[in-house]
Q: 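Just dropping this structure here.
When a ligand or atom number is given, it counts from 1 through the structure's own listing order.
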Amino acid sequence: MLVDGFRRGLVVPEGLIAHGRGEAYDYLAGEHTTKTAQRAIKAASAALLLAKRPVISVNGNTAALCPKEVVELAQATNAAIEVNLFYRTVEREMAIKSELEKYGAKDVLGVGARASARIPELQSERRRVDPEGIYKADTVFVPLEDGDRTEALVKMGKTVITIDLNPLSRTAKMAQITIVDNIIRAMPAMVQLVRSLNGSRSIKKIVDDFDNKKNLKESLKTIRGGM
Ligand code: ATP
């Protein structure tokens, strides 16, 4: 799917390497959704339902691997979808937007001139976000994100949720909720869970009870076991 996404202009070569990094961790963790990951998936789903202005940030790899689930999750949580790229070109932004639109996305933010706001402390093109999207959001879901940007979003006071197979990455450590799982398994699970949790009275408690540090330590133990 990644190679196909690369040929279709969604994914950059660096994205293929990043995926390989992820797969190495997935192999060591047994290529399944662990109990630890399930806990994080539940907390992330609850946090998205609790958010006032949630945004789902989409990069090339996410668009290549689970465009349908991105749209379904956005619909189920009333979240905006924003294209947010490390290596920005208008062509790639447009390709990702069209891919999401194929699955029913209506108003995809962050494309072209719409990405006119700046995240403080970041350099050049990596700073750009949509003033109506990530810039204003209280909760940002940034699967497969890089460490600098995650750190900057946390410093802006946002609740940051991520999916990252490497529990040692800066993104995994900086985010408030880290799902250590393959995005292709975690996203469908989130869509299902959000639908079943919606309206539940325990949503806030699920978020409050979640301990990301403890969860990351447990993920690391699983990976050590795999080694
Ligand atoms: P840091 O957060 O320290 O900057 P990094 O430089 O590895 O880490 P990126 O390459 O920008 O960050 O982020 C990609 C992250 O996503 C990596 O940690 C990689 O392990 C993870 N990853 C790649 N593919 C998947 C996938 N399919 N599912 C889940 N995680 C993945």
Q: Just need the protein heavy atom nearest to atom 11 (O) of ligand 1, so name the residue and atom and give the distance.
A: D146 CB, 3.2 Å
Q: Suppose we measure from atom 3 (O) of ligand 1 to each protein heavy atom; which comes out shortest, and what is that distance?
A: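 The answer is R170 N, 2.9 Å.
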Q: Would you indicate which of A186, S169, G15 comes nearest to atom 8 (O) of ligand 1 when only heavy atoms are counted?
A: S169
Q: Among protein heavy atoms, which sits nearest to atom 17 (C) of ligand 1, and what does the distance come to when rounded to 0.1 Å?
A: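 Heavy-atom neighbour on the protein nearest atom 17 (C) of ligand 1: D164 OD1, 3.6 Å.
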Q: For atom CD of Q192, is the number of surrounding heavy atoms from other residues, nucleotides or ligands below 6.0 Å larger than 12?
A: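 Atom CD in Q192 is not crowded, with 12 or fewer foreign heavy atoms closer than 6.0 Å.
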Q: Which residue owns the protein heavy atom closest to atom 13 (O) of ligand 1, what's the atom, and how far is it?
A: E145 O, 3.4 Å
Q: Looking at non-hydrogen atoms alone, which of V142, N166, D26, I183 comes nearest to atom 28 (N) of ligand 1?
A: I183
Q: Which option, T150, I179, I184, N182, owns the non-hydrogen atom nearest atom 27 (N) of ligand 1?
A: N182
Q: Which heavy atom of E93 sits nearest a heavy atom of L85, and at what distance?
A: CG-CD1, 3.9 Å
Q: Which atoms form the tightest heavy-atom contact between V194 and A76, and what is the distance?
A: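 What the structure gives for the nearest pair is CG1-CB, 3.5 Å.
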Q: Which residue in the set I81, V191, L193 passes side-chain contact (heavy atoms from CB on, under 4.5 Å) when paired with L73?
A: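 When side-chain contact (heavy atoms from CB on, under 4.5 Å) is applied between L73 and each of I81, V191, L193, only V191 qualifies.
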Q: Using a cut-off of 6.0 Å, state whether more than 12 heavy atoms not belonging to K213 lie near its atom NZ.
A: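 Atom NZ in K213 is not packed in, count stays at 12 or less.
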Q: Starting from atom 31 (C) of ligand 1, which protein heavy atom do you reach first, and at what distance in Å?
A: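 In this structure, atom 31 (C) of ligand 1 has L144 CD2, 3.3 Å as its nearest protein heavy atom.
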Q: Quick check: are there more than 12 heavy atoms from other residues, nucleotides or ligands sitting under 6.0 Å from NZ of K42?
A: no
Q: Closer than 4.0 angstrom, basic N to acidic O: yes or no for K102 and E99?
A: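 Looking at K102 and E99, the cut-off is met.
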Q: Would you mind running through ligand 1 and noting each atom that sits below 4.0 Å from a heavy atom of A18?
A: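 Those qualifying, in numeric order: 10 (O), 19 (C), 23 (C), 24 (N).
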Q: May I ask you to check whether N215 and T36 show a side-chain donor-acceptor distance below 3.5 Å?
A: no
Q: What protein heavy atom is closest to atom 4 (O) of ligand 1, reported as residue, atom name and distance in Å?
A: G147 N, 2.8 Å
Q: Which residue holds the protein heavy atom closest to atom 5 (P) of ligand 1, what is that atom called, and what is the gap in Å?
A: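 Looking at atom 5 (P) of ligand 1, the protein heavy atom closest to it is R21 NH2, 3.9 Å.
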Q: Who's the nearest protein heavy-atom neighbour of atom 29 (C) of ligand 1, and how far?
A: D181 O, 3.2 Å
Q: If the cut-off is 4.0 Å to any non-hydrogen atom of T171, which atoms of ligand 1 fall inside it?
A: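 Numbered from 1, ligand 1 contributes 2 (O).
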Q: Could you tell me, atom by atom, which parts of ligand 1 come under 4.0 Å of a heavy atom of H19?
A: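 The atoms of ligand 1 under 4.0 Å from a heavy atom of H19 are 23 (C), 24 (N), 27 (N).
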Q: Do D164 and T171 have a side chain donor and acceptor closer than 3.5 Å?
A: no
